[in-house]
Amino acid sequence: MDKTFNPQAIEQDCYADWESNGLFKASGEGEPYCILLPPPNVTGSLHMGHAFQHTIMDTLTRYHRMKGDNTLWQCGTDHAGIATQMVVERQLDAQGKSRHDLGREAFIEKVWDWKAESGGNITQQMRRLGTSPDWDREVFTMDENLSKAVTEVFVQLHKEGLIYRGKRLVNWDPVLHTAVSDLEVVNEEEAGHMWHMRYPLEDGSGELVVATTRPETMLGDTAVAVHPDDERYQGYIGKMIKLPLTGRLIPIIADDYVDQEFGTGCVKITPAHDFNDYDMGKRHDLEMINILTDDAKLNQEVPEAYRGLDRFEARERIVNDLDEKGILVKVEPHGLKVPRGDRSGAVIEPYLTDQWYVAVESLAKPAIDAVESGEIKFVPENWNKTYYQWMHNIQDWCISRQLWWGHRIPAWYDNEGNIYVGRDEASVRAENNLADDVQLAQDEDVLDTWFSSALWPFATMGWPDETPELDTFVPSSVLVTGFDIIFFWVARMIMMTKKFTGKIPFKEIYITGLIRDEQGDKMSKSKGNVLDPIDLIDGISLDALLEKRTGGMMQPQKAEKIAKRTRKQFPEGIASYGTDALRFTFAAMASTSRDINFDMGRVEGYRNFCNKIWNASRFVLMNTEDADTGKGASADSIELSMADQWIWARFYQTVGEFEQAISQYRFDIAAQALYEFTWNQFCDWYLELTKPILNAENSTEAQKRGTRHTLVNMLEQLMRLLHPVMPFITESIWQRVAPLTDCEMHDNASIMIQSFPAKPKQLDNTVLGDVEWLKKVIVGIRNIRGEMDISPNKPLSVILRNASEQDEQRFEAMSLYLTRMAKLDDVKVLAVNEKAPPSASAIVGDMEVLIPMAGLIDKDAELARIAKAMDKIEKDVLRTQGKLNNESFVSKAPAAVIEKEKAKLADASQQLHKLQEQEKTIRAL
RNA sequence: GCGUCUAUAGCUCAGUUGGUUAGAGCGCUACCUUGACAUGGUAGAGGUCCCCUGUUCGAGUCAGGGUAGACGCACCA
């Protein structure tokens, strides 16, 4: 074995073996345990958020597999309609072509080509992360079977009237030329203006001043509204306005939507281009004049001068013209929320089109109930409030997209404009008795990507066919995902799964935090702070990292700043930390917090942890590989030392802590337990405690065998415990150590399919106390050495004063450990009344550990040390006395708490007394 | 406007139903190349738990108010 851990040397081979041996498959035995992978974009690549969530899912999957559950991690990828289509369109654009030049069929073929080219990328990266989903069950949302489910759901919902087609105002992206759902629109505060304009009455008897942030929409105004109770305008209601620039006559109407306090209290109404105006238009039966084309230019409905102008250009022209005509009263700066498409960044237009909708109200009810009843639990729990808030105000879902890449809507039109929905054209004809000569054209639109994602829990299990997987793995056990897609995905899966299977899709929803950079900023290409998980695994040179961060930028002017920052943070690039260190980091950072600032220092620390494990194993193997480890030996030929018994007891405590933490999705606590045990107990103490036995001349063969037996078996079990989080290093070490134990080894033996360490029924707690005592004595002596500046190499004589019977027994039993680990050449137990020479001292319970000062210890230094210790304890004594002297504390606090305080006071007073005695003795020298 | 979250060591974060002296990692200081490991060992320093008021025998933890910041939803003529 190498002296330092080298992850590259082991990871790839390991994975190939697992996969080719079929170890990722559900066993078919035991309790079902299932996790659904949130399908990543098929042509995407693995980012830190994926790596984080996948680590958690894989840890759960591996843990449950080892626990003997029938464990399935169902994986797959998403066709990601808009995102993928945009990528391919950009490629075409580079060749000076648009998708329309190719035509629908050829374009879609291009997308499939792109999928074939880049589609394996993210799944290969997942393999690098060590994830263990059942790859043979991998599905793609546009696979035949999933598409079948999509059609089936659409047809059934349509039949029930829950999918309908309607002309309504939608969020229109004028760059992508498609409708998008409410969720795909982000409203950001931007600086704008408020224009006030005079609208003259038709009869010339006056005017109303209206204010707007979008003056160009005035060309589509079909009313002006005032509040019905507004005294200022009582005389105006019902009169007509002559709309400037167009000369159209529009009514003044009264509607209590109008806020009298805001602006002038008069609102221009443009029903075809504003959601509120649309509602008002419906209420008052107003004309709806669409003045825009689908790329947001003014259309034929407007005066000739403005036709064909882009909306922003038109705004300028109209404002100018109004100003010239004296219609513009004033312009004020005004902050407003601007709706933009989350993909294109374009300003979204409310636009009147025909679209398909899902009527969600009846679907939402059972989905709300499922969470309210506790059948589905959010972890952390308060996310259910976010869920309820959205679900209780849910709007119908616009599911049609004017794209080409996606599931084509299963609807056909005849020449009369009749719509037929069905599984395919033939069944539409059959079901509707349409003659062969009736021409049918399929709807051009495709479905929102999230429509197919919503079916993930059951469509991946074979629905609409009746399959065993539907029975076994629906509901799945837990969904691991981010809060950013609770509405997009989680809520819709609950609705659809309830609707079509009658079951919930998952029992728990573990909402992870969002990975941010070390300063708490979101990672983004434009900020240049993106970390690629693969680069943390393999390492990357500074040059390559700079190229990655600054190459092909949308805003090249930022490149220099990014390069500077990158050079500063990674002057030598990024080191190779290996998968296990990265995974451990993610686990350790997975607390309940919603933002997780990724700290490179943690990765480095856990890389060191891997190295520690590696070297501990090296030590174990060095001492056992060519020796008798008691394999197959009878129990009576193996003599376990106190240290051996202690480490087992400590180990199972840790197993308990780990399992408890995992059951609550506290991966940070679980990781902490693993780290603490492995480093601070196993390495720092246990391995050191084996050395005296292995090296002592007078150890018996049974004792040495016992120690070796514990070394290999402990390490073997520890690897199992660590395996769910750190699959590679544990497999690699396990392969070496398991043959030294009684584990059954066959050709395809892997740690992956060993059972998880199980706590024996009885744990001997007495050894725990014994070894804790030993540790205290050793630490006390080391402390004196450290603070007195006595070389660790200098052997010391030690005297134990006021030792109880138990102290003496413990000393007898562990003197070998004590003398070796504290480097003592002599230990003497002082008899009662026997005088000790002047000494430095450490206190362990009632016992004092004395190190004679002669020739070793500086009087002043020891006095200083005692003063420091007394200071600490004095404060303690005072605080405790204060509490116990407080009558209300004594009368009101629970007895157990008072007892504790009393014991504490007694202990502290005794220690203080001893320190005072020591001080007197030393001062007298 | 409605709702959610965060504030603890220089940095990144734990801290359970209120109850020992508030913890970890990194960083820092001193010493140590000891046959597993310097990606290491030993010892140590470092805290006004954001502020105020309250409840309580007792508050980092609970309540009210405030400050600073993050996010979601709705609305903004």
Side-chain angles (χ1 to χ4, degrees), chain A residues 1 3-5 182 187 194-196 210-214 224-225 257-259 262-270 274-277 334-337 380 382-383 385-386 388-390 393 483-484 486-487 514 518 520 575 577 581 588-589 591-602 604-623 664 666 668-669 672 675-676 683-684 687-688 691 695 779 782-787 789-793 823 872-873 875-876 879-880 883 886-894 896-898 900-901 903-904 907-908:
Chain A
M1 281 174 92
K3 195 172 165 184
T4 49
F5 169 57
D182 297 345
N187 291 292
M194 180 85 83
W195 287 269
H196 296 251
V210 299
T212 180
T213 55
R214 300 203 53 194
V224 169
Y257 159 78
V258 178
D259 178 359
F262 193 95
T264 56
C266 304
V267 193
K268 63 188 269 308
I269 303 300
T270 322
D274 180 282
F275 288 102
N276 289 309
D277 293 5
H334 183 79
L336 74 161
K337 288 262 171 75
N382 54 285
W383 285 110
K385 289 190 182 157
T386 306
Y388 294 140
Q389 200 195 341
W390 190 70
N393 298 295
F483 55 81
D484 48 337
I486 289 179
F487 308 144
L514 226 57
E518 71 288 350
Y577 295 110
M589 294 195 314
S591 66
T592 54
S593 163
R594 80 163 53 170
D595 294 312
I596 293 165
N597 297 349
F598 193 83
D599 177 11
M600 290 297 297
R602 299 284 290 264
E604 192 178 336
Y606 296 126
R607 187 272 317 261
N608 296 351
F609 180 52
C610 291
N611 191 53
K612 190 77 179 175
I613 295 169
W614 185 256
N615 275 290
S617 308
R618 229 157 59 90
F619 171 81
V620 172
L621 293 170
M622 264 177 198
N623 281 288
Q664 297 170 339
R666 286 303 302 266
D668 57 331
I669 294 173
Q672 177 63 29
Y675 186 94
E676 206 278 336
C683 292
D684 287 351
L687 294 186
E688 294 306 322
K691 290 175 185 175
N695 299 334
V779 166
R782 282 178 182 165
N783 181 296
I784 294 170
R785 274 188 197 272
E787 296 199 0
D789 224 6
I790 302 169
S791 162
N793 296 321
K823 189 94 181 168
K872 231 176 182 177
I873 292 181
K875 276 186 195 157
D876 229 30
R879 192 181 8 247
T880 319
K883 267 192 191 178
N886 182 342
E887 206 176 308
S888 14
F889 173 74
V890 180
S891 60
K892 289 182 183 167
V897 173
I898 295 171
K900 242 183 191 173
E901 288 297 319
K904 191 176 118 189
D907 188 52

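All values below come from the heavy atoms of this structure, side chains included, with hydrogens, waters and symmetry mates left out. Sequence lines set the chain letters: A, B, ... in the order given, protein chains first and strands last, and positions in each chain run from 1.
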Check: In whole angstroms, how far is the P atom of B:rU12 from the CZ atom of A:R594?
Finding: 19 Å
Note to self: If I pick the P atom on B:rC31 and the same atom on B:rC71, what distance separates them, to the nearest angstrom?
What the structure shows: 48 Å
Next item on the list: Name the pairing partner of B:rC13, where a pair is Watson-Crick or G-U wobble with both distances under 3.5 Å, or state none.
Entry: B:rG23
Check: Taking any strand in view, what nucleotide pairs with B:rA70 in a Watson-Crick or G-U wobble way, both distances under 3.5 Å?
Finding: B:rU4
Note to self: What's the gap between B:rA24 and B:rU8 when it is taken at their C1' atoms, as a whole Å value?
What the structure shows: 13 Å
Next item on the list: Fit a plane to each ring of A:F262 and A:H334, take the angle between them on a 0 to 90° scale, and name the class: parallel (under 30°), tilted (30 to 60°) or perpendicular (over 60°).
Entry: perpendicular
Check: Can you tell me how far C1' of B:rG40 sits from CD of A:E688, to the nearest Å?
Finding: 11 Å
Margin query: Of the options B:rC73, B:rG41, B:rA36, whose atoms approach the side-chain atoms of A:F619 most closely?
Written below: B:rA36
Check: On a whole-Å scale, what distance lies between the C1' atoms belonging to B:rU61 and B:rA22?
Finding: 11 Å
Next item on the list: Establish, for the pair A:K691 and A:F619, whether the NZ or CZ atom is under 6.0 angstrom from the six-membered ring centre and no further than 45 degrees off its axis.
Entry: yes
Item checked: Nearest-nucleotide comparison on RNA chain B, the residue closer to the 5′ end among A:S791 and A:A588 -> A:A588
Margin query: Between A:K904 and A:D907, does any NZ, NE, NH1 or NH2 come within less than 4.0 Å of an OD or OE carboxylate oxygen?
Written below: no
Checklist line | Atom P, compared across B:rG46 and B:rG64: separation rounded to whole Å | finding: 37 Å
Item checked: Closest nucleotide among B:rC2, B:rC57, B:rC37 to the A:K612 side chain -> B:rC37
Next item on the list: Take atom P in B:rC50 and the same atom in B:rA14, then report the distance between them in whole Å.
Entry: 14 Å
Check: What does A:F275 touch in the nucleic acid at a heavy-atom separation under 4.0 angstrom: a base, only the sugar-phosphate, or nothing?
Finding: nothing
Item checked: Counter-base of B:rU39, judged by Watson-Crick or G-U geometry with both distances under 3.5 Å -> none
Notebook entry, point to check: According to the Watson-Crick and G-U wobble definitions, with both distances under 3.5 Å, which nucleotide is paired to B:rG44?
Noted result: B:rC28
Next item on the list: Determine the interatomic distance between P on B:rU33 and the same-named atom on B:rG25; round to the nearest Å.
Entry: 24 Å
Notebook entry, point to check: Nearest to the side chain of A:N608, which nucleotide is it out of B:rU39, B:rC71, B:rG19?
Noted result: B:rU39
Margin query: Roughly how many Å apart are B:rG19 and B:rG27, using the P atom of each and rounding to a whole number?
Written below: 32 Å
Item checked: Length of the line joining A:D595:CG and B:rU12:C1', which is rounded to integer Å -> 13 Å
Item checked: Parallel, tilted or perpendicular: rings of A:W390 and A:F487 (30°, 60°) -> parallel
Next item on the list: Dump the intermediate steps for side chain to side chain contact (heavy atoms under 4.5 Å, CB included) on A:M622 and A:M1, then the final yes or no.
Entry: CA-CA 10 Å; A:M622 264 177 198; A:M1 281 174 92; over 6 Å; no
Next item on the list: Write down the distance separating the C1' atoms in B:rA63 and B:rG18, rounded off to the nearest Å.
Entry: 13 Å
